[in-house]
Amino acid sequence: MSNRDLKQVRSSSRKPAGNSKGGGGMMTGVLVGLIVGVGVAIGVAFYMNKASVPYSNLERLQATRAAASEPVAEVLAPGRN
């Protein structure tokens, strides 16, 4: 039992998390992700509101309103008063 390995274990090259400068990477990433996500959502909402709706009945509705506002010509049958 005298052949035990008694070498000292080298410390890893990684620094302890408490001593690192500029930490807080996860919190910064979450905040940046939220800001980017909200920006993209607002951009999509504006784009969809400005784009024309392909199945809209707006043109037909405007034509109906224009026809309804014109005076209707009364057609009389001959021989009636």
Side-chain angles (χ1 to χ4, degrees):
M1 295 263 179
S2 64
N3 290 336
R4 289 180 78 184
D5 191 8
L6 299 175
K7 291 181 184 177
Q8 290 183 351
V9 177
R10 291 184 183 177
S11 63
S12 66
S13 62
R14 294 175 58 180
K15 294 180 182 177
N19 292 338
S20 66
K21 296 194 179 206
M26 181 177 170
M27 201 61 176
T28 303
V30 168
L31 289 176
V32 168
L34 284 173
I35 291 170
V36 169
V38 168
V40 168
I42 290 173
V44 168
F46 279 129
Y47 175 77
M48 293 197 59
N49 281 334
K50 290 189 177 196
S52 64
V53 181
Y55 302 109
S56 176
N57 292 331
L58 185 60
E59 292 174 2
R60 194 178 325 157
L61 180 63
Q62 288 174 346
T64 306
R65 285 185 181 169
S69 65
E70 295 176 1
V72 178
E74 189 175 333
V75 177
L76 300 175
R80 293 192 178 180
N81 291 339

According to a hydrophobic-cluster definition based on side-chain heavy atoms being under 4.5 Å apart (Ile, Leu, Val, Met, Phe, Trp, Tyr only), do V40 and V30 belong together? no

ILVMFWY cluster membership beyond V38 - transitive side-chain contacts under 4.5 angstrom: I42, F46

ILVMFWY cluster membership beyond I35 - transitive side-chain contacts under 4.5 angstrom: none

